[in-house]
There are 2 protein chains.
Amino acid sequence: MAERKVTSLDVAALAGVSQSAVSRVFTPGASVSKKMAARVRDAANELGYRPNVLARSLITGRSRIIGLVVAYLENPFYPDALERFSTVLQGEGYHILVFMTSGAGEGVDRVIEELMDYQVDGIITASVGMSDDLASRCSAAGIPVVLFNRGQADDRLAQVTSDNIRGGRRIAEFLVAGGHKRIAHVAGWQGSSTGRDRKDGFLAGLDAAGVMPVSVVEGEYSREVAAEATRALWAEHKPDAIFVGNDHMAFGVIDVLRHELGLSVPGDVSVVGYDDVPMAGWAAYDLTTLRQPSGQMVARTVEMLLERIGSPDVAARKEMIEGDLILRGSARVPEGWT
Amino acid sequence: MAERKVTSLDVAALAGVSQSAVSRVFTPGASVSKKMAARVRDAANELGYRPNVLARSLITGRSRIIGLVVAYLENPFYPDALERFSTVLQGEGYHILVFMTSGAGEGVDRVIEELMDYQVDGIITASVGMSDDLASRCSAAGIPVVLFNRGQADDRLAQVTSDNIRGGRRIAEFLVAGGHKRIAHVAGWQGSSTGRDRKDGFLAGLDAAGVMPVSVVEGEYSREVAAEATRALWAEHKPDAIFVGNDHMAFGVIDVLRHELGLSVPGDVSVVGYDDVPMAGWAAYDLTTLRQPSGQMVARTVEMLLERIGSPDVAARKEMIEGDLILRGSARVPEGWT
DNA sequence: GAGTGAATTGCACAGGTATGCAAAAAGGCG
DNA sequence: CGCCTTTTTGCATACCTGTGCAATTCACTC
């Protein structure tokens with residue numbers, strides 16, 4: 001029942017040529033005559049032969065596999081990015097081996113070791129960091145790593161983020177210009193660079209305008225935690241504007257404000273998010289938010305990764321992509337705001 | 001700069017034993033003495049050795065890679081399933097190679113051929129079918145395939161779905177019992193079994209109650225198409241209830257009804273979806289919907305796949321998982337409905 | 001047709017691991 | 001200690017392909 005796998009030797013035998021000839025026909029840029037190519041292709045088609053990528057990578061040293069580590073797909077920003085990564089990389093002849101890691105720290109390192117067992121050509125981590133020890137092991141093994149939407153000081157790690165500090169600052173300016181007096185922040189996870197940078201930028205922006213926030217609480221990038229924080233926030237401070245650390249939490253915040261507390265957004269409270277996930281444009285939320293241009297971020301990440309796969313001595317770069325504030329209906333727009 | 005990869009031979013040399021000994025230490029169930037194991041492990045740790053999965057799979061014939069083909073991640077049902085798949089399979093020592101295929105037909109086959117080049121141990125297709133020709137090639141190559149959330153007549157293909165016909169029928173009964181008189185259906189893509197089955201079950205249920213639908217239109221599982229269909233539907237038929245082929249479209253339908261047409265859901269129109277994605281429970285939509293128990297479906301899919309990887313002669317089964325109607329606030333609930 | 005250079009082909013080996021088989025070591029028993 | 005059984009170890013090979021090298025063929029020119 002279980003048929004034997006058809007190998008290049010079988011094709012060679014049928015076509016009456018050597019195995020190397022078959023290999024060359026399937027290796028772009030190798031030296032083969034038209035006649036030979038035709039004969040081999042005919043034989044290959046007849047037998048249904050396709051080169052074994054694993055055996056090939058054993059000898060070339062490249063697997064054409066990219067490892068992608070991602071913590072959670074609940075926030076729609078990441079499925080969106082995953083879909084883009086997969087499409088772009090497929091176009092370049094690479095494929096994605098996905099590793100989920102619940103939680104940060106410990107688990108991430110174990111998962112990346114498993115990844116290296118597969119001889120991946122490169123690693124992309126979405127919203128996760130890694131230990132210094134592991135970073136140096138990757139670098140020693142010649143496996144380039146790019147952090148997507150996450151910053152880390154280590155020089156061996158490349159990274160692509162948006163300018164989160166500037167984004168946070170811009171949102172502060174926007175809310176202040178809108179005449180809000182009681183401004184609060186439901187921050188992203190403070191264990192992440194994005195969460196810290198957005199908060200720092202936001203507070204710096206408020207400070208520059210001489211405004212003190214009424215409250216800053218942690219939302220941990222979790223919808224539930226953010227929702228709970230919102231209840232407490234309202235009970236205690238009655239803010240008239242909330243900057244939420246990402247869209248995913250912002251939806252939870254809006255739901256609590258509208259449907260539990262019976263408030264109007266933006267009538268009673270303005271809400272601003274961060275990311276501009278597709279859902280932010282849906283009428284139910286119509287969320288004003290700072291866009292992270294995920295298409296550009298993905299494209300740049302892949303470029304950097306492939307460049308370093310091609311020439312391993314290229315230094316790891318850290319890049320920021322600029323994003324705009326997208327004005328929608330969840331926050332009062334200052335008059336004359338451009 | 002680029003250090004040489006450390007192999008089992010290096011470890012063997014350092015430990016003063018043969019390469020086969022090293023191999024046996026890293027092969028569960030092989031015959032090794034405690035002393036030998038200890039010496040080898042010490043040497044391996046010192047050099048940072050880990051077995052090369054690709055070389056291993058070349059000889060064992062198993063790659064411990066599962067190919068996952070998925071059409072689009074926009075519908076949150078699929079990221080959710082992907083996350084579950086990855087977690088469950090990681091627990092079993094497998095990993096997922098992801099392939100996106102935009103659109104159906106042509107592209108799917110090409111993608112699955114690429115997948116087979118990686119010598120995957122099994123294939124899961126989420127919301128995608130495949131050609132008969134390719135199905136027989138997979139079966140000939142001994143690669144088990146399980147269709148997730150998609151049915152196809154082919155006997156060589158296993159599949160896991162929910163009981164979509166029964167689900168559709170149940171929704172019909174629910175809407176009729178609710179006293180709705182002008183019932184419409186925005187159907188899922190009719191090229192898919194789920195789209196057809198839900199529609200057929202729904203129409204059969206209406207028919208059994210002696211009710212004619214005022215309109216049945218195609219939504220193609222696209223938010224935009226469904227939204228457009230809703231505008232036309234309202235203009236022409238003014239339905240008082242709409243069954244939408246999945247939750248993802250239902251959100252678009254509700255947005256149009258509420259925010260473009262100024263209608264009340266469920267006051268003017270009841271809306272029922274299908275899937276029960278996490279978002280369906282969010283207050284903004286609070287969607288009544290038929291749950292597809294994705295945890296169970298994923299678990300069953302993996303079980304079937306692993307079983308067939310273990311013993312290739314097991315016949316492909318077709319399974320249905322039952323799901324409940326989840327009552328929420330987007331549709332009028334009949335009095336005394338259980 | 002001989003001679004030249006270029007293009008094509010085959011040979012042999014390498015890449016890192018698992019495993020059957022035979023040899024060696026260890027253990028048990030009288 | 002000698003014999004036999006069981007366990008452990010090493011040797012050699014196979015898995016499937018890509019590629020350097022040498023041999024062969026081809027295409028031209030004089």
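A, B, ... follow the sequence lines: proteins, then strands. Residue 1 opens every chain.
- Taking atom CD1 on Ile59(B) and atom C1' on dA12(D), their separation rounds to 12 Å, with Å as the unit.
- Annotation for Arg317(A): atom CZ does not count as buried by contact number, only 12 or fewer foreign heavy atoms lying within 6.0 Å.
- Applying the side chain to side chain donor-acceptor pair (under 3.5 Å) test to pairs two or more places apart or on separate chains, none has a residue in residues 24-33 of chain B.
- Expressed to the nearest 0.5 Å, how far CD1 of Ile124(B) lies from CE of Met304(B) amounts to 10.5 Å.
- What separates CZ of Arg62(A) from P of dG18(D) is a distance of 15 Å, to the nearest Å.
- Of the candidates dT17(C), dC11(C), dG20(C), the closest approach to any side-chain atom of Arg24(B) belongs to dG20(C).
- The salt bridge (charged side-chain N to carboxylate O under 4.0 Å, His left out) analysis of residues 138-162 of chain A, with sequence neighbours excluded, yields the pairs Asp154(A)-Arg156(A).
- Within 4.0 Å of Thr60(B), counting heavy atoms only, lie sugar-phosphate atoms of the nucleic acid but no base atom.
- Atom NZ of Lys5(A) is separated from atom C1' of dC16(D) by 12 Å (rounded to the nearest Å).
- Residue Val17(A) is classed as a sugar-phosphate contact, given heavy-atom separations below 4.0 Å to backbone atoms only.
- Among residues two or more places apart in sequence or in another chain, the salt bridge (charged side-chain N to carboxylate O under 4.0 Å, His left out) test is passed with Arg41(B) by none.
- Sorted by residue number, the members of residues 25-40 of chain A with any non-hydrogen atom under 4.0 Å from DNA chain C read Ser31(A), Val32(A), Ser33(A), Met36(A).
- Pairs engaging residues 59-80 of chain A under the salt bridge (charged side-chain N to carboxylate O under 4.0 Å, His left out) rule: Asp80(A)-Arg84(A) [sequence neighbours left out].
- Across the protein-nucleic acid pair, Gln19(A) atom CD and dT17(D) atom C1' stand 6 Å apart, rounded to whole Å.
- A donor N or O paired with an acceptor N or O is found under 3.5 Å between the base of dC11(D) and the side-chain atoms of Ser20(B).
- You'll find that the side chain of Ser8(A) is closest to dT17(D), out of dC15(D), dT17(D), dT19(C).
- In this structure, Leu58(A) atom CG and dA18(C) atom C1' are separated by 13 Å, rounded to whole Å.
- One atom, CZ of Arg56(B), and another, C1' of dA18(C), lie 9 Å apart when rounded to the nearest Å.
- Nearest nucleotide to the side chain of Asn52(B), out of dA14(D), dT17(D), dG16(C): dG16(C).
- Contacts of Arg137(B) classified as salt bridge (charged side-chain N to carboxylate O under 4.0 Å, His left out), with partners at least two apart in sequence or in another chain: Glu113(B).
- In terms of phosphate contacts, Tyr49(A) brings a side-chain nitrogen or oxygen within less than 4.0 Å of OP1 or OP2 of dT17(D).
- Phe148(A) and Phe77(A) have parallel rings, their planes meeting at less than 30° on a 0 to 90° scale where 60° marks the start of perpendicular.
- Atom P of nucleotide dA14(C) and atom CG of Leu54(B) are separated by 21 Å, given to the nearest angstrom.
- In this structure, CZ of Arg50(B) is placed 16 Å from C1' of dT17(C), rounded to the nearest angstrom.
- With sequence neighbours excluded, no residue satisfies salt bridge (charged side-chain N to carboxylate O under 4.0 Å, His left out) with Glu307(B).
- Neither OP1 nor OP2 of dG16(C) sits under 4.0 Å from any side-chain N or O of Thr7(B).
- With sequence neighbours excluded, the residues satisfying salt bridge (charged side-chain N to carboxylate O under 4.0 Å, His left out) with Glu303(B) are Arg300(B).
- Comparing the helix axis at one end of the helix from dG1(C)-dC30(D) to dG30(C)-dC1(D) with that at the other, each defined from 5 consecutive pairs, gives an inter-axis angle of 30° (nearest 10°).
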